[in-house]
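Here is the structure we will look at.
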Amino acid sequence: MRKLLPWYALALLVVLLDQLSKYWVSTSLHYGEARAYGGFFNLVLVHNRGAAFSFLASAAGWQRGFFIAIALVAIVIISLLLARHARDKLFCLSLALILGGAIGNVIDRIALGYVVDFLDFHFSGWHWPAFNLADSAITAGAVLLVLDSLRPGSRRAGAAR
């Protein structure tokens with residue numbers, strides 16, 4: 001259990017920072033309000049009832065339970081992988097970031113019915129879909145997971161460890 005503490009502590013830190021940032025934005029902005037910072041970034045309060053890029057956001061409401069179930073399954077699988085590979089630093093760093101992000105977003109879905117998004121990057125009139133710190137952690141974790149699989153000698157490149 002002791003070998004898992006750093007990974008769960010990192011996941012917890014991601015959850016806390018994510019939830020605190022969502023709370024701050026939710027209490028500082030009105031829904032849909034945007035505050036510009038520089039020529040490429042806005043803080044904007046939006047609610048995403050879907051998944052990445054608002055996938056299924058306009059569905060009839062069934063998607064909430066579906067996305068909660070997927071997140072809970074992912075949390076269990078990631079926890080099992082962490083326990084199995086607790087000493088594999090890059091792999092576990094990746095998993096801990098993804099775990100923290102998944103928990104952060106599932107908290108929103110359970111408590112609010114949607115995910116709070118607020119980071120809005122744009123260029124020349126084109127806006128990237130708004131996202132949050134949990135999404136950033138999941139993305140960073142996924143990138144690190146790919147990099148880990150490409151390392152010379154990685155046993156995950158095509159085979160389970």
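Formation of a donor-acceptor pair under 3.5 Å by the W7 side chain with backbone atoms of L95 is not found in this model. Between the D148 side chain and the L90 main chain, no donor and acceptor come within less than 3.5 Å of each other.
Scanning both residues, D108 and V116, for their nearest heavy atoms gives OD2-N, 3.0 Å. Closest approach of A11 to L99, counting heavy atoms only: CB-CD2, 3.9 Å. Contact between L10 and A96 at its shortest, heavy atoms only, is CD2-CB, 3.8 Å. Across N105 and A134, no two heavy atoms sit closer than the pair OD1-CB, 3.4 Å. When all heavy atoms are compared, the tightest approach of G141 to S94 is O-CB, 3.3 Å. Minimum interatomic distance between A71 and V106 (heavy atoms only, all atoms of both residues): CB-CG2, 3.7 Å.
Using cut-offs of 30° and 60° on the angle between ring planes, the pair F41 and Y37 is tilted.
Residues passing the side-chain hydrogen bond (donor to acceptor under 3.5 Å, both in side chains) test with D18, sequence neighbours excluded: K22. For I107, the side-chain contact (heavy atoms from CB on, under 4.5 Å) partners two or more places apart in sequence, or in a different chain, are V15, Q19, I103. For the ring pair (Phe, Tyr, Trp, His ring centres under 6.0 Å) test, residues two or more places apart in sequence or in another chain that qualify with Y31 are H47. Judged as a side-chain contact (heavy atoms from CB on, under 4.5 Å), and not counting sequence neighbours, the contacts of I98 are I78, L145. Partners of Y23 according to the ring pair (Phe, Tyr, Trp, His ring centres under 6.0 Å) rule, which considers only residues two or more places apart in sequence or in another chain, do not exist here.
Here the straight-line distance linking atom CD1 of I138 with atom CG of L133 works out to 11.0 Å at 0.5 Å rounding. Taken from OG in S26 to CG in L45, the straight-line distance is 5.0 Å, to the nearest 0.5 Å. Between I70 atom CD1 and I75 atom CD1 the span is 12.0 Å, to the nearest 0.5 Å. Rounding to the nearest 0.5 angstrom, the gap separating the CZ atom in F131 from the CZ atom in F121 is 5.0 Å. The CG atom of D117 lies 12.0 Å from the CG atom of L43; values are rounded to the nearest 0.5 Å. Here the straight-line distance linking atom CG of L80 with atom NE2 of H85 works out to 10.0 Å at 0.5 Å rounding.
Linking ILVMFWY side-chain heavy atoms closer than 4.5 Å, directly or via other members, places L144 and L81 in a single hydrophobic cluster. Taking hydrophobic clusters as Ile, Leu, Val, Met, Phe, Trp and Tyr residues chained together by side-chain heavy-atom distances below 4.5 Å, F118 does not share a cluster with V46. Following chains of ILVMFWY side-chain contacts shorter than 4.5 Å, one can reach Y8 starting from L93, so the two form part of one hydrophobic cluster. The hydrophobic cluster containing L97 also contains I77, counting ILVMFWY residues as joined when their side-chain heavy atoms lie under 4.5 angstrom apart, directly or transitively. Under a hydrophobic clustering in which Ile, Leu, Val, Met, Phe, Trp and Tyr are joined whenever their side-chain heavy atoms come within less than 4.5 Å, directly or via other members, V143 and V14 fall into the same cluster.
Side-chain contact between V76 and L72 is absent, with no heavy atoms from C-beta onward closer than 4.5 Å. Taking 4.5 Å as the limit, every side-chain heavy atom of L119 sits out of range of all side-chain heavy atoms of N132.
Residue L12 is found in a hydrophobic cluster whose other members, listed by chain and number, are L16; membership requires side-chain heavy atoms under 4.5 Å apart, directly or through intermediates.
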